[in-house]
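Data block below; observations after.
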Amino acid sequence: MGDPYAPFGIHNGLQSTPMASDDPAMAEASPLARPVGRLKGVSAARARELESRGVRTLGDLIEYFPRTYQNERAECPIDRLVPRDLQIARGEVTAVDYIASYPRPRFEATIEDPTGRLGLVWFNGGYLRRLIHPGQILRVQGKVRFYRNIPQMTQPKWQVVEPDAAPVGEDLLRAVYPASAKLSSRAIWHIIDANIEAALEGIEEWFDAELLRKRNLMGRRQAFRAIHQPAHWREATDARRRLIYDELMLMQIGLILSRRLRGGRLSAPRMRIDRLLDERIRRRFPFALTAAQERAVRQVVADLQNPRPMSRLLQGDVGSGKTVVAVYAMLVTVANRLQAALLAPTEVLAEQHYLTLTDLLRESRVTIELFTSLTQRRGRGSLRRHLADGDIHIAVGTQALLQEDVEFANLGLVVVDEQHKLGVRQRAQLKSKGHAPHYLVMTATPIPRTLALSYFADFDVTTIDELPPGRQPILTRWLKPQEEAQAWHFVREQVAAGRQAYIVLPQIEEDGAGEARSVKAEFERLGSGPLAGLRLAMLHGQMKTDQKQQTMNDFRAGRIDAVITTTVIEVGIDVANATVMVIQNAERFGLSQLHQLRGRVGRGTHQSHCLLIGEAVNEDAELRLRAMTRTNDGFEIAESDLKLRGPGEFFGTRQHGLPQFKLADITQEIELLHQAKDDALALIESDPNLRRPEHRTLRAAVARQFGENLFLAQVG
Ligand code: ADP
Ligand code: MG
């Protein structure tokens with residue numbers, strides 16, 4: 001398998017492509033590989049329709065899961081209908097009539113089955129003239145009254161059924177499938193019904209009875225039947241739970257094996273650290289580490305001393321002081337005569353890190369270089385040479401550091417800041433001669449627990465759950481647009497007290513629609529109006545890199561009172577004297593983004609404020625703005641954001657390899673996810689290459705999903 005980070009989909013182990021199993025003869029024989037065109041009840045037209053929905057084989061078909069279920073009563077022969085009860089009958093339409101009597105016009109029809117005749121009445125049913133015609137077979141549901149000894153239903157629910165559709169013999173919980181105009185849910189139900197026995201023969205158990213008992217899970221075959229044809233709701237729910245468990249297990253096993261593969265192939269440099277080095281490093285920090293930072297440092301240092309490459313996610317709310325941990329690790333690396341790379345998602349942030357580092361390491365022999373598109377253009381030949389020679393100890397940069405074919409002499413540690421903004425694939429591009437570097441991934445968007453457990457299952461997680469001392473919680477207010485004057489008044493007050501402000505806008509220029517404000521227009525408007533006399537500057541992505549740097553430097557030095565900017569300042573900017581964050585058109589920003597932006601203030605000991613100016617344009621926007629005023633807790637924010645947007649959106653793109661599930665919704669399945677993680681670890685520990693006969697099917701499913709190479713790592 002080439003890239004262990006490659007995106008993968010989870011399909012419960014049944015796949016449309018011919019199977020690459022250990023035993024080709026067995027794969028041939030599996031009924032699940034049968035193409036849909038050869039299945040019972042599937043015409044050529046239906047086969048095409050199924051294929052267009054990704055259902056190519058019997059295996060795909062049985063994984064075409066119901067959306068929901070509906071209760072369906074048994075059909076009753078017309079002569080058995082009794083008064084009052086809600087009942088269902090079926091018959092051929094023999095007559096229709098429209099009675100346009102005032103004030104209640106009505107549409108009437110008669111249906112007949114071999115046992116009798118049933119009258120149907122719909123008041124105000126004029127539209128039915130176009131829909132119900134003699135000759136059709138109708139299935140109707142309603143309460144029966146007898147009118148002159150003829151049974152009659154008023155306002156029945158009705159549907160046209162195909163003449164050869166088998167009657168429903170008993171009460172039924174019927175699966176409802178995602179359907180199209182050409183292929184109804186009911187048609188899909190019948191196709192699955194006709195083929196489910198054959199499909200179930202191909203379903204084999206993945207796990208041993210003991211595990212299933214422990215987790216209270218039904219058998220896999222039973223689950224496939226019950227999800228399509230449950231006897232009752234409880235059974236449908238249990239079936240779903242079992243199959244979700246299987247999806248989660250498959251993913252967890254894949255992640256564990258991929259991690260083993262990465263760890264097994266190359267060993268990382270084993271670093272040494274003693275008390276002297278520890279003291280030397282600590283002397284560089286102008287403050288004592290918080291207990292949480294101490295914990296994180298201890299864990300990272302233990303990892304660096306181990307030849308297994310570190311793969312650690314360091315998460316902590318904005319301002320919790322993650323950089324210190326990274327700097328500590330980088331200095332250990334350099335002291336061990338190895339290089340470290342620090343990757344940031346934006347140039348502004350890379351620059352910020354570069355400045356922090358040069359400041360901390362003043363008068364040391366550590367050489368730090370900044371690699372951005374600008375420095376790359378200027379002197380990239382020589383910079384690259386120094387990197388390859390090992391003259392540069394710490395390289396700070398953006399993806400530019402990866403895109404070019406940059407060689408390191410002896411890369412020992414890669415720190416990635418704000419992981420969710422840097423493609424995982426790109427991380428894998430970082431190469432070093434001879435060994436695998438250690439990885440430290442930092443994120444200030446706290447990864448919600450559920451995602452940490454799934455997507456980051458192959459990472460060890462360290463959480464910094466404490467802010468440096470003296471911080472006061474940021475006070476957040478939500479102002480309606482008509483109240484914005486309050487915000488400008490407040491900015492003036494704070495500037496008069498010697499503080500600084502950020503003013504964030506959703507766009508650089510007006511888009512013509514006039515719906516949202518822009519950096520350029522606000523710069524003009526505020527400068528000549530509400531904030532006249534203040535030293536204002538713009539900072540945005542259309543500016544040249546050195547212009548941006550100049551502005552940031554001026555802001556840091558206090559030569560600017562307020563910067564009017566976009567989300568370029570979203571991550572990592574650190575100016576302790578800035579205490580006000582004003583966000584215009586706040587309704588346009590995502591929740592995590594708002595929280596990130598707010599994290600730009602509250603970095604010093606002064607009380608900080610966040611003013612959200614926005615309109616609750618819809619319920620979502622209202623929820624976001626309310627969440628911001630309710631809590632400062634990044635974890636709570638991230639969990640709400642995940643619920644509002646879903647995991648795909650949360651991370652931006654598919655590139656990040658977020659698994660796609662057919663059934664599981666990892667924001668909902670926290671409990672099961674925990675269990676699957678534990679169970680997958682135990683399973684691989686007891687049978688590292690899934691060689692035991694009872695794991696044969698599971699192994700085939702894993703191999704089909706992730707590639708046979710996943711089992712290549714040496715174990716034991
Ligand atoms: P983040 O986790 O958001 O990356 P930073 O590492 O940028 O946070 O730290 C935020 C601010 O807190 C910085 O100004 C940093 O110097 C300061 N800081 C970090 N650790 C401590 C500490 N232990 N005591 C006091 N200030 C600290
Ligand atoms: Mg940071």
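Computed from a prediction, not measured in an experiment: that's the story for all the values here. Because only heavy atoms are used, hydrogens play no part in the values below, and waters and symmetry mates are left out as well, while side chains stay in. Start at 1 and go down the list; that is how both ligands and their atoms are numbered.
Remark: H438 engages no residue in a side chain to side chain donor-acceptor pair (under 3.5 Å) (not counting sequence neighbours).
Ligand 1 has no nitrogen or oxygen under 3.5 angstrom from a nitrogen or oxygen of P468.
Looking at R517 and E484, a side-chain N of the basic residue comes within less than 4.0 Å of a carboxylate O on the acidic one, giving a salt bridge. Note on R282 versus E294: salt bridge recorded, some NZ/NE/NH1/NH2 to OD/OE distance being below 4.0 Å.
Counting the atoms of ligand 1 from 1 in the order shown, those under 4.0 Å from a heavy atom of T290 are 23 (N). The ligand atoms of ligand 1 that sit less than 4.0 angstrom from a heavy atom of G321 are 1 (P), 2 (O), 5 (P), 6 (O), 8 (O), 9 (O), 19 (C). Against a heavy-atom cut-off of under 4.0 Å, T323 is close to the following atoms of ligand 1: 4 (O), 5 (P), 6 (O), 7 (O). Under a 4.0 Å criterion applied to the non-hydrogen atoms of R471, ligand 1 contributes the atoms 10 (C), 11 (C), 12 (O), 17 (C). Per-residue contacts place S320 under 4.0 angstrom from the following atoms of ligand 1 (heavy atoms of the residue considered): 2 (O), 8 (O).
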Kindly list each side-chain donor-acceptor pair under 3.5 angstrom involving residues 323-333, sequence neighbours excluded, with atom names and distances?
{"from": "Y328", "atom 1": "OH", "to": "D278", "atom 2": "OD1", "distance (Å)": "2.3"}
{"from": "T333", "atom 1": "OG1", "to": "A329", "atom 2": "O", "distance (Å)": "2.7"}

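Residues H489 and R492 bring no donor and acceptor atom of their side chains to less than 3.5 Å of each other. Side-chain contact, Q352 with R556: a donor N or O sits under 3.5 Å from an acceptor N or O. Side-chain contact of T462 with R295: a donor-acceptor pair under 3.5 Å is absent, judged by distance alone.
Residue G316 places no heavy atom under 4.0 Å from ligand 1. Residue-ligand proximity: A288 is placed with a non-hydrogen atom under 4.0 Å from ligand 1.
Within the set Q352, R603, K322, the minimum heavy-atom distance to atom 2 (O) of ligand 1 is found for K322.
Residue contacts with ligand 1 for M442 are absent, since no atom lies close enough (heavy atoms, distance under 4.0 Å).
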